[in-house]
There are 2 protein chains.
Amino acid sequence: MLIRVSTKTKSAATPDTRTRIVRAASSLMQRQGYDGTGIKQIAQEAQATLGSVYHFFPGGKQELAVAAIHHGDQEFFDVLRAALDHEDDPAQAITALCRTLADGLCASDWIDGCPITTTSLGTAGRAPDIQAAAAEAFARWRGLVHDKLRASGMSERDAHDLAHTVISTMEGAELAAQVSRSKEPLNIAGKHLARLIALHR
Amino acid sequence: MLIRVSTKTKSAATPDTRTRIVRAASSLMQRQGYDGTGIKQIAQEAQATLGSVYHFFPGGKQELAVAAIHHGDQEFFDVLRAALDHEDDPAQAITALCRTLADGLCASDWIDGCPITTTSLGTAGRAPDIQAAAAEAFARWRGLVHDKLRASGMSERDAHDLAHTVISTMEGAELAAQVSRSKEPLNIAGKHLARLIALHR
DNA sequence: CTCTGGATAGAGCGTTCGTTCTAGTTGATG
DNA sequence: CATCAACTAGAACGAACGCTCTATCCAGAG
């Protein structure tokens with residue numbers, strides 16, 4: 001048995017080939033969806049070759065998509081946790097996060113929405129692995145909100161329900177903002193979510 | 001100049017070829033997205049041929065997608081208006097609608113979500129026509145909710161903002177429900193939206 | 001009847017898709 | 001130095017893609 005010594009000693013200069021591939025897949029599928037993104041395009045964007053892609057992901061496009069979803073999951077997980085940790089009041093934290101999301105979406109010229117929605121929706125009935133990964137992402141984000149609400153003294157029942165609506169509304173508002181090319185849906189959603197949270201304490 | 005006599009005299013038996021094509025395109029793109037749906041597949045599903053598709057839609061796939069979005073727009077517009085007309089109180093109407101959406105989504109085995117989201121998201125940066133059609137759909141739905149809220153005595157400012165959040169939250173909850181294969185997000189969203197509406201009167 | 005133009009029908013174009021396969025390169029180990 | 005596994009490289013395959021093209025069908029006008 002081999003002891004795997006860290007191969008990413010080059011550190012921040014140029015990431016792992018595998019990492020570059022996952023990042024490229026995640027960002028391309030976020031914009032173009034599963035079917036709209038080709039393996040060759042991913043390889044090119046990642047500065048890798050087809051051989052490398054199939055070396056690291058022998059399961060092909062589906063396995064790569066699952067890895068991309070997990071990557072996007074963790075990406076937003078970190079953003080969400082940072083936002084919740086930064087403010088003491090969950091309501092204010094959510095409002096601030098919505099504003100951040102709106103600014104980020106606008107800065108990308110309304111292209112970079114939720115990192116997993118597009119990929120997940122386009123494969124709804126046919127790729128259970130991808131669906132499961134997306135469902136897990138939603139559950140993890142919801143858990144983060146749930147814990148924050150509980151920590152602020154909210155009842156278990158209210159925290160459970162509100163965590164659902166916070167994620168749903170942020171997701172829908174980001175979608176509406178992207179389609180309408182306007183920050184308004186997200187900013188309004190932030191305001192209303194804060195009121196809804198304040199209402200349950 | 002010719003006077004166009006109605007060609008759909010067969011009435012409900014078999015719809016127009018053009019109508020069949022649009023319906024097939026709408027339902028297939030709703031499930032599989034823009035890139036995941038082939039023109040030949042649409043033709044087959046519509047019981048039409050490739051020649052007919054390009055006869056009615058010389059603009060090709062993009063023009064067909066725009067027609068499909070408009071079809072889905074009108075589809076949900078009717079559902080939404082019916083729901084709002086059926087109840088006097090807008091809050092109760094929205095709650096009931098969320099329940100209806102959850103049941104419908106479950107009945108389709110979590111496949112038939114929002115009729116325009118998948119198509120719109122998958123073409124985010126590259127097809128302005130499709131984006132515009134989707135944005136128009138969101139605006140029309142929002143307008144319907146706005147008018148209902150105004151009619152129930154709400155201020156213009158509150159009605160405008162709440163209409164945004166109602167559409168955003170329903171959209172996001174449907175998305176979350178589809179991914180999680182659970183009615184919970186939609187049912188909870190219906191409850192919370194009712195509270196939010198009640199809060200602003 | 002002929003004529004006409006909207007509608008239907010599908011073979012076939014060039015391209016790109018996901019995937020497979022073989023060959024070459026690299027770097028640590030014995 | 002030789003060896004071997006990990007990794008890189010890209011040509012090639014069959015299938016499917018969007019779309020073009022010509023041929024045919026057929027109801028109504030003259």
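Within every chain, numbering begins at 1; the chains are lettered A, B, ... in the order of the sequence lines, protein sequences first and strands thereafter.
- Atom P of nucleotide D/dC19 and atom CG of B/Asp35 are separated by 11 Å, given to the nearest angstrom.
- Between the CG atom of A/Leu28 and the P atom of C/dG18 there is a distance of 12 Å, rounded to whole Å.
- Between A/Gln74 and A/Arg140, some side-chain heavy-atom pair lies under the 4.5 Å cut-off.
- Side-chain contact between A/Arg99 and A/Lys191: absent, with no pair of heavy atoms (C-beta onward) separated by less than 4.5 Å.
- Residue contacts shown for A/Gly51 include a base, since a base heavy atom lies under 4.0 Å away.
- Between A/Leu50 atom CG and C/dA23 atom C1' the separation is 15 Å, expressed in whole Å.
- Taking 4.0 angstrom as the limit, B/His55 places a side-chain polar atom (N or O) nearer than this to OP1 or OP2 of C/dA7.
- Between the CD atom of A/Gln47 and the P atom of D/dA9 there is a distance of 10 Å, rounded to whole Å.
- Checked against C/dT8, D/dT8, C/dG18, the side chain of A/Tyr54 finds its nearest nucleotide in C/dG18.
- Looking only at side-chain heavy atoms (C-beta outward), B/His200 and A/Arg195 come within less than 4.5 Å of each other.
- Counting to the nearest Å, the C1' atom of C/dG6 and the CZ atom of B/Phe56 are 8 Å from each other.
- Using a cutoff of 4.0 Å between basic side-chain nitrogens and carboxylate oxygens, A/Arg150 and A/Asp147 are not scored as salt-bridged.
- Each of C/dA9, D/dG10, D/dG18 was ranked by its minimum atom distance to the side chain of B/Ile39; first place goes to D/dG18.
- A salt bridge is absent between B/Asp85 and B/Lys148: the closest approach of a Lys/Arg side-chain nitrogen to an acidic carboxylate oxygen does not fall below 4.0 angstrom.
- Computed from coordinates, the A/Arg18 CZ to D/dA6 P distance equals 15 Å when rounded to whole Å.
- Residue whose closest nucleotide on DNA chain D sits further toward the 5' end, between A/Ser52 and A/Lys40: A/Ser52.
- In this structure, B/Gln41 atom CD and D/dA15 atom P are separated by 18 Å, rounded to whole Å.
- The interatomic distance linking A/Gln44 (CD) with D/dA9 (C1') rounds to 15 Å, in whole Å.
- Along DNA chain C, the nucleotide nearest B/Thr17 and the nucleotide nearest A/Gly60 are compared for position; the residue whose nucleotide lies closer to the 5' end is B/Thr17.
- When the nucleotides D/dA11, C/dA11, D/dG18 are ranked by their closest atom to the side chain of B/Lys61, D/dG18 comes out on top.
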